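Written below as structure tokens is the structure these notes are about.
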Amino acid sequence: MKSCSVATFVALLVLSSFAGDAAASVCARRDFRKAVAAGGAVAEKAVSDGLVSTDPAIRRAALWELYTTDKSRALGLLQSLVKDPSLEVGTLVAELARAIPDRDAREALLRDVVAHGTTPQTRKIAAAAIPFPFSRDNVPLSKNPTYDHDFTKAFVMDLPTDGWRFRADVGSVGHLGDAAFFRNGCDWTSDEWKGISIGRHWENFKEVGNYDGIGWCVVEFDLPAKVEGLSCELCFDAVDEEAWVWLNGEYVGQHAEGVDGWNKPFRFDVGKELKWGGRNRLAVRVNDTFAGGGIWKGVRLEVLK
Amino acid sequence: MKTSAYLSVLLLASVASAVTPEASSFGPSGNPDDQIRAFWHPSESFYTNLFDNGFNTLIVCHAGEYNIDLDRCPHPDTPVNRNRWLDICRERGVGFVEKLAFKGKKWTELYPLRTKAGIAKGCVDPSNPAYLAAHRRGLAKVLERMPDHPAVFGIQPSSEVRDHSVPADTPVFRAAYRKASGCDIPVGAEARSPKLYADIPDFPIGRVLDADYPLLKFYRWWWREGDGWNRYQTEHARQFAAHFSHPVASFYDPIVRTPPIWGSGGDVTFGNQWTYPYPQPYKVLHVVSEQQAMARGNPGQGVTTMIQGISYRSAIAPKEETPAVHPKWHDEFPNTKYPTTPAALMREAIWSALARKIDGIMFFAGAALFDLSSEAKDYDEYRKRSYYQYCDPETMPVVNAMMNEVAVPLGPLLRAIPERPMEVAVLESASAALFARTGTWGGGSDIAVAALSAGLQCQTLYDEDVARDGIPASLKVLLLPRCPVMEATTVKAIRDWQVCTDGIVMADGELVPALLPDFPLPELKAPPEGVANANAYRACGREIASRLSPHYRPYAAATDWIIPYVRTFRDADYVFAINDRRGYGDYVGAWKRVLDKGLPNEGIVRVNRAAGAVYDLVRHVAVPFAVKGGKTEIPVEYETNDGRLLMLTSRPLGALTVSVENGIVTVASSDRDVMIPIEIFRAGKRPYYAVVRDGVFSRKLDGTEGLEVRNLATGERFKGE
């Protein structure tokens with residue numbers, strides 16, 4: 001079957017309020033499995049028919065079987081399936097997109113899924129598959145294993161726990177483009193940003209609710225006149241689970257150890273990004289995959305000498 | 001990967017195999033067929049109470065302490081006192097299980113766990129041979145002072161030791177893995193689990209892993225052998241056993257607080273697991289199936305299960321909340337974190353445990369089950385402590401009643417009745433547990449618990465079961481909750497099974513795309529409020545059963561709130577019918593977290609066979625029933641959330657014949673296809689409980705004067721000839 005006919009069918013499904021899995025026939029699924037197991041032309045026909053089945057589970061299975069037997073044809077179909085109304089097919093489309101060999105084509109498709117995928121889960125998977133463009137090795141002096149002198153703290157300032165703003169970023173697009181959330185021009189006071197505090201999981205705030213996914217936590221804070229020291233470090237006692245940090249629009253570093261990083265402290269050198277004697281804007285992109293999320297412990301600034 | 005290749009990967013990770021001798025050959029000294037009924041760490045002040053209520057095993061630390069700092073054994077008990085208790089135990093038919101305690105700061109100083117992230121605080125490294133050698137020396141010192149006394153039943157080398165284990169980063173560790181696998185340790189193998197699959201670059205599309213996928217291969221080895229703790233259990237058990245002139249057993253727990261990978265506990269005789277029986281106490285039914293799945297990896301290993309006598313206060317009655325009407329204990333013990341497990345939950349959990357084929361049942365937390373306030377030097381200090389507290393005086397009487405009425409008289413039967421062949425199972429995928437953090441860690445699969453509430457006897461299947469034995473021929477329904485990552489061998493076996501047998505698969509949307517399920521699993525969202533929580537489980541179970549009903553119906557079913565569970569021996573079905581109808585009681589009901597009050601109920605239990613007789617094995621009477629359309633219907637009623645144990649046979653049981661020759665008591669029956677529980681009376685002796693199996697029970701008993709036998713199914717008594 002040609003991809004255009006698949007696309008047409010998908011559109012029809014959307015219009016006809018697709019009934020979903022509950023109505024799927026056990027017999028049809030058994031027949032599909034047996035036909036696939038039979039191999040040869042019988043299997044090919046089952047896959048071809050399965051791609052336009054009214055049963056999303058069969059559509060997904062057919063797409064997978066096609067991928068395992070005719071990878072290029074399966075990948076060629078993905079664009080037409082971006083708007084498939086089912087979670088099953090949508091997530092598989094996002095997953096199979098990773099197999100598209102051409103990087104530009106791959107990322108274009110994934111962005112299409114992020115923008116037009118029909119379920120949050122689908123968009124989330126696609127977003128995660130797009131390479132994150134920010135990365136920086138930022139080892140502050142206090143963590144430098146080759147520096148064996150003792151430190152004293154010349155200045156310590158806890159960042160405020162209140163006054164933070166939160167915004168969910170379901171499609172993981174907040175770091176992209178001129179309107180990226182970390183940029184100095186971004187209006188954090190708009191209604192899309194909700195007031196929260198840190199030092200507790202964001203689930204504690206009804207404005208956030210039981211949210212798992214990408215969320216941005218931002219705050220503004222003032223600094224006194226410059227304090228001299230060897231190293232100026234921004235210290236996070238814990239972020240559940242991962243964090244990417246911008247200060248005054250500049251990318252500072254990441255704490256991206258996956259789920260195991262939820263309770264581990266981390267710190268960055270921010271000597272070049274800080275504005276002494278003025279207002280600073282801190283933006284933290286947090287990824288929480290399950291359970292509690294957010295900046296659930298304190299954040300502070302330390303000047304070491 | 002082919003199955004043979006898969007198995008070779010499993011084998012390379014195996015520790016020394018089968019338990020010797022088998023768990024089934026171990027029984028309490030007073031009656032080797034009996035179930036173990038054990039109490040953990042009881043205070044001496046209630047030993048006698050335990051003896052009087054049918055406990056036949058004490059897990060204690062009377063002699064097993066070694067302190068490496070002192071390089072000697074500072075006995076927690078005097079030899080005189082210990083020997084006195086050993087003699088009393090021998091007289092009462094009670095066994096001692098010695099809990100070892102290896103103390104001292106030098107353990108972590110001399111044998112620290114070195115990881116890539118540095119030295120793991122407070123952790124030792126049993127993958128270090130020197131650590132095991134030091135333990136051998138310590139245990140030898142313990143054994144020097146431990147008498148070869150017949151009342152010593154076994155050893156518990158350690159407990160909860162793996163909770164902070166992480167992969168080591170030492171030359172010995174790396175060499176061990178290379179020797180076992182032929183590979184270097186892969187990148188990403190630093191923590192207890194690998195990263196989530198979504199965070200692993202180039203994770204296989206479709207999320208189906210070959211067994212030689214480097215991280216999977218490593219973590220299978222690490223959990224099975226690599227961290228050293230399983231070998232540790234094995235070595236201690238063997239060294240201990242070699243000291244005694246009689247066979248001694250060994251125990252390890254928590255046996256399934258691991259990913260679903262065989263090998264936990266090494267070669268101990270019995271794998272144990274404890275369960276906090278809330279919010280749904282019948283979840284014990286499922287936790288035991290996880291233990292059984294683990295035990296299949298070590299044929300001959302036995303299963304014991306423990307019900308916690310304490311509950312987390314934060315879960316059942318948070319101290320931060322003070323309901324307007326609240327029980328006295330809330331004020332009396334303001335700081336306790338661990339109040340007594342509610343009596344009603346205890347009762348139902350015990351029924352759930354006994355419904356399964358287990359070798360023993362255990363209890364823990366004497367300080368919450370017995371009133372020790374009179375032993376406190378300062379009562380005010382005692383009541384303000386945050387430790388365990390005796391808050392529900394109803395709980396231990398419930399335990400005692402369950403012992404006296406069910407576990408003791410039916411102990412040998414409960415241990416012997418086989419489980420039915422597996423028809424419904426939940427797959428606990430090791431790769432999903434590792435790469436998607438879906439493991440239950442011995443807490444049970446919520447979906448399986450819900451299925452059990454609807455009478456679906458959901459068992460647990462591991463990948464290793466499938467790789468070694470294939471999909472069980474008896475299996476009709478396979479539940480695949482949270483299986484976003486699976487192993488290729490398992491996936492292929494399921495696909496073949498679906499095609500060849502029309503086996504039914506139910507799964508959620510996370511399932512790997514290589515499998516096409518027949519039905520979606522309903523979503524289980526159980527809110528914290530007690531009634532809603534119980535209803536959510538029940539509704540989910542009913543929905544699963546409803547979706548399956550055109551294709552599969554369980555062997556037994558029951559009306560509202562009654563949970564049936566069946567074991568079968570040839571012609572006899574043993575139906576446990578547990579009343580789960582509960583409401584808010586006076587103990588912790590005010591917090592509305594758990595339903596702590598058993599409620600009356602009545603209903604019908606239906607079994608898919610035409611029975612000729614039905615017996616209540618607890619009340620020892622034949623009970624009314626009806627056969628309709630080939631199904632047996634048995635009316636049941638309850639005063640509280642109690643259980644019933646019903647035995648269904650094709651025809652009424654015949655008489656027993658009792659004879660004695662040379663001190664050997666023989667009880668015979670013409671009902672060869674039924675296991676019949678019996679009670680043997682002798683003048684001046686405690687009753688002896690046994691099972692007539694294959695038509696006969698025969699054993700040399702001490703004293704046969706006044707011999708009389710009661711059939712515990714019919715209640716009939718038969719005198720010795």
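So that the names make sense, note that chain A is the first sequence line, chain B the second, and so on, each numbered from 1. What you are looking at is a predicted structure, and each value in this text was computed from that prediction instead of being measured.
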Which answer fits [X], side chain, backbone, both or neither, if we ask what part of it has an atom under 4.5 Å from a heavy atom of chain B?
X: Ala256(A); value: backbone
X: Glu65(A); value: side chain
X: Ile58(A); value: both
X: Ala37(A); value: side chain

Kindly say whether [Y] contributes a backbone atom to a donor-acceptor pair with the side chain of [X] at under 3.5 angstrom?
X: Glu95(A); Y: Gly206(B); value: yes
X: Arg30(A); Y: Asp502(B); value: yes
X: Arg60(A); Y: Leu516(B); value: no

Measuring heavy-atom distances to chain A, does [X] have an atom under 4.5 Å in its side chain, in its backbone, in both, or in neither?
X: Leu196(B); answer: side chain
X: Arg547(B); answer: neither
X: Val505(B); answer: neither
X: Asp496(B); answer: neither
X: Arg192(B); answer: neither
X: Pro204(B); answer: backbone
X: Ala198(B); answer: neither
X: Leu511(B); answer: both

Quiz item: Between atom CG of Asp199(B) and atom CD of Glu242(A), what is the distance when rounded to the nearest 0.5 Å?
Solution: 5.0 Å
Taking atom [atom1] as the centre, does [X] end up with more than 12 heavy-atom neighbours from other residues, nucleotides or ligands that are less than 6.0 angstrom away?
X: Arg542(B); atom1: CZ; result: no
X: Phe134(A); atom1: CZ; result: yes
X: His551(B); atom1: NE2; result: yes

In the structure I gave you, are the side-chain heavy atoms of [X] and [Y] within less than 4.5 Å of one another anywhere?
X: Arg33(A); Y: Asp518(B); result: yes
X: Arg495(B); Y: Val36(A); result: yes
X: Ile205(B); Y: Trp64(A); result: yes

Quiz item: Looking at Ala514(B), Gly509(B), Pro201(B), which has the largest count of heavy-atom pairs under 4.5 Å with chain A?
Solution: Ala514(B)
Practice problem: Please report the closest heavy-atom contact between Lys34(A) and Val499(B), naming both atoms and the distance. | Solution: CE-O, 3.4 Å
